[in-house]
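Numbering of residues begins at 1 and proceeds along the displayed sequence.
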Amino acid sequence: MVTTREDIRNIAIIAHVDHGKTTLVDALLKQSGIFRDNQEVKERVMDSNDIERERGITILSKNTAVQYKDTKINIIDTPGHADFGGEVERILKMVNGVVLLVDAFEGVMPQTKFVLMKALSLKLPVIACVNKIDRPGARPKEVVDEVLELFMDLDATDDQLDCPFVFASAKEGTATLDPDQPGSDMKPLFDTILNYIPAPEGDPEANLQVLISTIDYNEYVGRIGVGKVDNGIIKVNQEAVIVNHHDKDRVEKVKISKLYEYQGLGKVDVDEAGIGEIVAVSGIADLKIGDTVCGTTGEPEAIPFQKISDPTISMNFIVNDSPLAGQEGKYVTSRHIKDRLFKELNTDVSLRVEETESTDTFKVSGRGELHLSVLIEEMRREGYEFAVSKAEVIYRKDENGKTLEPMETAYIDVPDEYSGTVISSLSERKGELLNMGSIAGGYTRLEFNIPSRGLIGFRGPFMTDTKGNGIINTIFSGYGPYKGDISYRKTGSLIAYEAGEAVTYGLFNAQERGSLFIGPGTKVYSGMVIGSNPRSEDIEVNVCKTKHLTNTRTSSSDEALRLVPPVILSLEQALDFIDQDELLEVTPVNIRIRKRILDPLMRKRAGMNRK
């Protein structure tokens, strides 16, 4: 018999990147009494990953639970960046409704459309929350109209169109139902969740069904599957059967050794859990996302699961074989790199790792440059040393054998005076201007349809062209006909001529040829890229060259040589900069760019053995 758990609500908070999801969760946690009055709590407490805190973005979806009145509210904080859309797609199967967060100034953005489309396709009720109403230039009433237009564009049902609107300042911890009446706390949002999000339903007497929507990993207990109990009751030490909707042959008998529920920021051990509860299950060695944990009392039935979108971009991860290889990393062999990449597949369903003909090279595919750069940064911090190639898009063939390539919709906000430069730059990269209009603050909003490969390496020049004032957001829009060749980079590289240590005199002479990436004292080798050349060709420079001493002293000989400060590339900037014939050498201490193939003379000068 189907019953309703009125004491539980399961919600996901979805939004475009930087619209305030994690800050909103902070406010809900604080006002639910999770923390002691004297407890020191960090901002964005749900962003537990160091990279998330540094970059101010959510990468992994997180579970938490708060108690409001007599109801337990399970909350899932989701990523806002399109590269981590796979996280959003799968967790929506765990919830009964979503809170759609929209910035009161920026309004509807590309990822807002993506996450809302996923929620509407699952027939989930939506609470629209207009956040940052205290921000200068906020326009909450216009944003409400934009959200309703988006609902209509996505063919929302009448019930979904009739969604409630809440106006909030997550930073201040306030919410209100009327933008003209300031709020004092988050109670209006809490009450709206209780009144509008349906309680979970299920049959506690039926055979157990738990759809695994997220995989966590712990060194001590192994894989931990997270999902919602749809039917039945799950208990510790219970015998169960694993089945999968997409893999009909998968039938495996298992035993539930540990069971957890979420409480605040942590997990608590429980002996059993009923319908509607979001639980974490451990003790099943090869549990996968999309698996259904079923009881043994009846015929096991898999719950349909959203198929995760395929990757669109790939890079080669290669064992580092430069002259400086092995000096800075802890894990440097192909076995180490292979084990780490395949371990990542335990938790990241959007990632693909393939072995190639070379035992030293692995093809890693993901949803975008940011998706792969976060993995590179994580491995680097863990002590891995390796090299990566320039990102390449993944092509497909249509039924007629014609090549198709991934396309993106790019939304770009730039100061009015730079719009012409940006349009010209994107047109060269095969971009097609779809819309152009003015927005507040002297900015122009451009909408482009552009091949994914046209955006590879674009962010660096874009920030230069707009003096750091441009904002670009992209979202995958599907596959389209191949658009033709694109020139990624117009500048050449400055290449070190010999191995050694860079000195001021050599750098002083080299800086006349272009912008340098290194300073005095940096170890270099022949074939290492140490700067960029404004012209298209590569130039070899000797940065290890010292000044010859003479017996004659002149007034000018004692003058200090003045060097222009080097351009220190971040990981993303370096990934953008490298060309097809170059590799990025990544170590825990440094990132270096080098030519992919060092000619025999270069290899000899670099001190490398011929291969």
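- Residue pairs meeting the side-chain hydrogen bond (donor to acceptor under 3.5 Å, both in side chains) criterion with at least one partner in residues 291-301, sequence neighbours excluded, are N207-T297, N244-D291, R250-D291.
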Can you list the steps and then say if L177 with V166 is a side-chain contact (heavy atoms from CB on, under 4.5 Å)? CA-CA 5 Å; L177 300 178; V166 180; 4.0 Å; yes

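- Residues K187 and Y68 have side chains in contact (heavy-atom distance under 4.5 Å, counting atoms from C-beta outward).
- Taking 4.0 Å as the cut-off between side-chain N and carboxylate O, E382 and R340 count as a salt-bridged pair.
- Residues passing the side chain to side chain donor-acceptor pair (under 3.5 Å) test with K253: none are found, sequence neighbours excluded.
- Screening T64, N10, N96 against N74 for a side-chain hydrogen bond (donor to acceptor under 3.5 Å, both in side chains) leaves a single residue, N10.
- Remark: R380 pairs with E377 by the salt bridge (charged side-chain N to carboxylate O under 4.0 Å, His left out) rule, at least two apart or across chains.
- Among residues two or more places apart in sequence or in another chain, the ring pair (Phe, Tyr, Trp, His ring centres under 6.0 Å) test is passed with F342 by none.
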Could you list the donor-acceptor pairs under 3.5 angstrom formed between side-chain atoms of residues 234-242 and any protein atom two or more places apart in sequence or on another chain?
{"from": "Q238", "atom 1": "OE1", "to": "K235", "atom 2": "N", "distance (Å)": "2.6"}

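- In this structure, V108 and V102 approach most closely via the heavy-atom pair N-CG1, 3.9 Å.
- Residues V279 and V226 have side chains not in contact (no heavy-atom distance under 4.5 Å, counting atoms from C-beta outward).
- S169 pairs by the side chain to side chain donor-acceptor pair (under 3.5 Å) definition with D134, not counting sequence neighbours.
- Between T3 and I275 the shortest heavy-atom distance is OG1-CD1, 3.3 Å.
- Every residue two or more places apart in sequence or in another chain that forms a salt bridge (charged side-chain N to carboxylate O under 4.0 Å, His left out) with E277 is listed here: R5, K72.
- Considering only residues two or more places apart in sequence or on other chains, R135 meets the side-chain contact (heavy atoms from CB on, under 4.5 Å) condition with D103, F105, E106, K132.
- Closest approach of P451 to E405, counting heavy atoms only: CB-OE1, 3.5 Å.
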Begin from the C-alpha positions of F362 and F317 and carry the test ring pair (Phe, Tyr, Trp, His ring centres under 6.0 Å) through to its verdict. CA-CA 5 Å; F362 305 92; F317 281 51; 8.7 Å; no

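- For the side chain to side chain donor-acceptor pair (under 3.5 Å) test, no residue two or more places apart in sequence or in another chain qualifies with S365.
- Contacts classified as side-chain hydrogen bond (donor to acceptor under 3.5 Å, both in side chains) and involving residues 147-159 (residues at least two apart or in different chains) are given here: T157-Q160.
- In this structure, the side chains of I313 and L372 come closer than 4.5 Å at one or more pairs of heavy atoms.
- Residues passing the salt bridge (charged side-chain N to carboxylate O under 4.0 Å, His left out) test with D191, sequence neighbours excluded: K69.
- K255 pairs by the salt bridge (charged side-chain N to carboxylate O under 4.0 Å, His left out) definition with nothing, not counting sequence neighbours.
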